[in-house]
Structure formats: C-alpha cells, structure tokens
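Heads up, the thing below is written out as structure tokens.
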Amino acid sequence: MDSLNRMAIELVDEALEYAEEIGIGARELENNATVLDFGVEFSGGIEAGLLATEIQTAGLATPGRDLGDIAGAPIPHVELSTDQPALALLCSQKASWELTTEDFEGLGSGPARALVAEEEEFHRIGYTDVFDLTALAVESDQLPTEAAADQVAEFTDVETSGVFLLAYPTASVVGSVTNAARAAELATFRLSELGYDPLDIVSATGRAPVAPVAEDEATAIARTNDALAYGGTAHLVVSEEFDRFDEIPSTAADDHGRPFVEIFDDLEWDFAQSPAELFAPAKVTVDVLGGPTHVFGETDEELVAESFGL
C-alpha cells in the first residue's frame, strides 16, 4: 500500500490550488508549517468539507452528498464509502490526536497519525507510514500555532516545512460535514473494539445528516454526535461471522435515547467519561460474504429534529 500521507498531500495540493473557489484560506507560519483555514476565519462550505474528508481518509474513501429529509425538512446528508476501511477509517480518519500546547488545543485526525502509529489500531492492522510530508485535520475554534505545528513535526519526524494543518471549528459547515462523514468510521471502530479483526472488514459505507451550524462549540459537538448516534446508518461487508454484531449500533448503549447535550451536561463536558458505546451509527447492516445479512438498531428522527432545532 502506498503512503497514506503521500496520497493525502496530493489532495492538500488541490485544496491550496482551489482555496478561493471552495472558500478556504492558507497561510505559512514562521516555522514554515502551513495552516489551511477551513472554517475559523474563512467560511468554508460543503465542498470544502468533502475535500477535508478526502484528506482525512487519505483519498481512500469516496464522500458524496445528497438532499435528504428530517421531520419533513430538506437536510443535506453525507455518504462515504471505502473498500479500505482499516486504513482509510482507522489508520487515518479516526479523530484521536489530542493536539495540546500552552497556546493551542484541538482534536486531530488524518494520516499524520500513521506516522506516529502508537495507537492500538496500528498494531492490530500492522501498518506504519513513512513520508516526509504530512497532513493533520484539527477540529478547533482557533487556528493552529507554531507550537502546535512543532508538536506535529516532532511526533511524526517531519520537518515543520512539511507539516500541513487543516483547521475548522465543530460549529462550521466543514465541521458539520466532516462529522456526518464519520458513520462508517464509527461502525468500523466499534466492531474492531468488540474484538473483530479490522482486516476482515471488506468495505464500509456510512450516511448521516449534516447538522445545522450551531452558535457555539458545545452545542455543535452535541448536535453532530446526535446526527450520528440517532440519524446515522452504516453498511459493512465482512468476511467472517461474529456473535457480537448486535453491539455495533448506538442502540446497544445504556444511554441511548438521550440527546448528547444532556449526557455531556451530566458529565460536566468531560468527554473522557462519555459512554463509548453511544459513539456509533444508529442502524447498521452487516453483510457476511457467503453468509447471512444482519440488521441491527434504528434511527430516531424525532430526536435528531429536536437537536437540529427543526
């Protein structure tokens, strides 16, 4: 398999070339790292969100959009498919890099994680990337600083001039789009956490509504999670049967049925204490090659509509 970061950088070049057309900006920091603004000071948009999703998945997934319906209201939906779910979703798209310095805090996702490769997913899959350029998408309401770029450079063993950071708040169009594109990732991750070999997941497709942009980050985080846990659906093609497929969807969680704003309020917004089982699409089909097809879970359109303010 080619380098995830090499494939992602080709898409970063595309973002830089068409920055004005998709409503994003770019600037070089004093340490020569490049920050691409997908929604902090620039507006971004759905096309910018789809391109950011492609970068997050290193070009190994195909995102698209259509106009769906929530409680009678036309709402955009994002669908993403990949035939390389282990690499595209677990080794790249998964949001798990807590990028924290004295002057910056954000949640990172993208192929830069594969240059570090210390998370359990990389050990399960047996993949480590090596490349001299890297891209990390950072969900934050502030633009990454030099210290943030320095940390990425240090952890990935890449010169700061080779670091490209995509930044956007959760409360932005790009934030809503990229989060809606995570239904397949969450289903794949949940199945892997249940003990299933991620290399036995042949393909993954997910779909979720794009949450209206909220007025603050807290509301946006709750809304985008509601969109997935109560409005998200996924389809997995796998090669082996498993006795815990029914635990993939969010309906298997004890807290299912409660909007995320209530759950986060109870936890005083300490995300580390959040119920992991709820971070999953609402409904999942698992198609076993040469075997049965399983369907578990159900969506809750009423809860999604309430969360979206419809």
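Linking Ile, Leu, Val, Met, Phe, Trp and Tyr residues whenever their side-chain heavy atoms come within less than 4.5 Å leaves Leu87 and Leu89 in two separate clusters. Linking ILVMFWY residues whenever their side-chain heavy atoms come closer than 4.5 Å, directly or via other members, leaves Val78 and Ile75 in distinct clusters. With hydrophobic clusters built from ILVMFWY side chains whose heavy atoms lie under 4.5 angstrom apart, Ile248 shares a cluster with Val238. A continuous path of ILVMFWY side-chain contacts below 4.5 Å connects Leu36 to Leu133, so both sit in one hydrophobic cluster. Val261 and Ile70 fall within a single hydrophobic cluster, where Ile, Leu, Val, Met, Phe, Trp and Tyr side chains are chained together by heavy-atom contacts under 4.5 Å.
Arg190 places a side-chain N or O within 3.5 Å of a backbone atom of Glu247 that can act as its donor or acceptor partner. Remark: the backbone N or O of Phe131 is not paired with any side-chain donor or acceptor of Asn5 at under 3.5 angstrom. In terms of modelled atom types and a separation under 3.5 Å, the side chain of Arg113 and the main chain of Leu90 share a donor-acceptor contact. At least one donor-acceptor pair closer than 3.5 Å links the side chain of Thr224 to the backbone N or O of Ile221. For Gln142 (side chain) and Asp103 (main-chain N/O), a donor-acceptor pair under 3.5 Å exists by modelled atom type. Judged by distance alone, with hydrogens and angles left aside, the side-chain atoms of Gln151 form a donor-acceptor pair with the main-chain N or O of Thr100 at under 3.5 Å. Thr233 contributes no side-chain N or O that, together with a main-chain N or O of Lys283, makes up a donor-acceptor pair within less than 3.5 Å.
There is no side-chain donor-acceptor pair under 3.5 Å between Gln56 and Thr178. If you check the side chains of Asn31 and Thr160, you find no donor sitting under 3.5 Å from an acceptor. Side-chain contact of Thr57 with Gln93: a donor-acceptor pair under 3.5 Å is absent, judged by distance alone.
When every heavy atom of Asp246 is checked against every heavy atom of Pro249, the shortest pair comes out as O-CD, 3.6 Å. Considering every non-hydrogen atom in both Thr128 and Ala117, the closest pair reads OG1-CB, 3.7 Å. In plain terms, the two heavy atoms of Tyr127 and Asp2 that are nearest each other are OH-O, 3.7 Å. What you find for Cys91 and Ile125 is that their closest heavy atoms are SG-CD1, 3.6 Å. Nearest approach of Ala88 to Thr82, heavy atoms of both residues: CB-OG1, 3.7 Å. Here the closest heavy-atom approach between residue Thr53 and residue Pro63 is recorded as CG2-CB, 4.0 Å.
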Which atom pairs, donor and acceptor, lie under 3.5 Å between side-chain atoms of residues 197-216 and protein residues at least two apart or in another chain?
unit_1	atom_1	unit_2	atom_2	d
Asp197	OD1	Leu199	N	2.9
Asp200	OD1	Ser239	OG	3.4
Thr205	OG1	Ser81	OG	3.0
Arg207	NH2	Asp66	OD1	2.9
Arg207	NH2	Asp66	OD2	3.2
Asp216	OD1	Ala218	N	3.2
Asp216	OD1	Thr219	N	2.8
Asp216	OD1	Thr219	OG1	3.0
Asp216	OD2	Thr219	OG1	3.1

Which pairs would a plain distance check flag for residues 42-50, meaning a side-chain donor or acceptor within less than 3.5 Å of a matching protein atom at least two apart in sequence or in another chain?
unit_1	atom_1	unit_2	atom_2	d
Glu47	OE2	Arg65	NH2	3.0

Review item, side-chain donor-acceptor pairs of residues 21-29, under 3.5 Å, at least two apart:
none

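Scanning for side-chain hydrogen bond (donor to acceptor under 3.5 Å, both in side chains) contacts around Tyr230 gives an empty result, with sequence neighbours left out.
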Given side-chain contact (heavy atoms from CB on, under 4.5 Å), test Ile55 with Phe164 step by step and report yes or no. CA-CA 11 Å; Ile55 295 169; Phe164 295 82; over 6 Å; no
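Separating the OH atom in Tyr168 from the CG atom in Leu143 is a distance of 13.5 Å, to the nearest 0.5 Å. Taken from CD in Glu14 to CG in Leu51, the straight-line distance is 5.5 Å, to the nearest 0.5 Å. If you take OG on Ser92 and CE on Met7, they are separated by 8.0 Å, rounding to the nearest 0.5 Å. Between atom CZ of residue Phe296 and atom OG1 of residue Thr251 there is a gap of 9.5 Å, rounded to the nearest 0.5 Å. Considering CZ of Phe122 and NZ of Lys94, their distance stands at 8.0 Å, rounded to 0.5 Å. Taking OG1 from Thr134 and CD1 from Ile9, the interatomic distance works out to 6.5 Å, rounded to the nearest 0.5 Å.
At least one side-chain heavy atom of Phe264 sits less than 4.5 Å from a side-chain heavy atom of Asn225. Put simply, the side chain of Trp97 reaches to within 4.5 Å of the side chain of Phe155, judged on heavy atoms. Taking 4.5 Å as the limit, some side-chain heavy atom of Leu67 sits within range of a side-chain heavy atom of Pro76. Proximity of Asp265 to Glu262: side-chain heavy atoms (C-beta onward) are nowhere separated by under 4.5 Å.
Ion pairing of Glu193 with Arg244 is absent here, as no side-chain N (NZ or NE/NH1/NH2) approaches a carboxylate O to less than 4.0 Å.
Pairs engaging residues 288-308 under the salt bridge (Lys or Arg N to Asp or Glu O under 4.0 Å) rule: none recorded [sequence neighbours left out]. Sorted pairs that involve residues 152-167 and meet salt bridge (Lys or Arg N to Asp or Glu O under 4.0 Å), not counting sequence neighbours, are lacking altogether.
When each of Leu278, Leu303, Asp266, Asp226 is tested with Arg258 by the rule side-chain contact (heavy atoms from CB on, under 4.5 Å), just one qualifies, namely Asp266.
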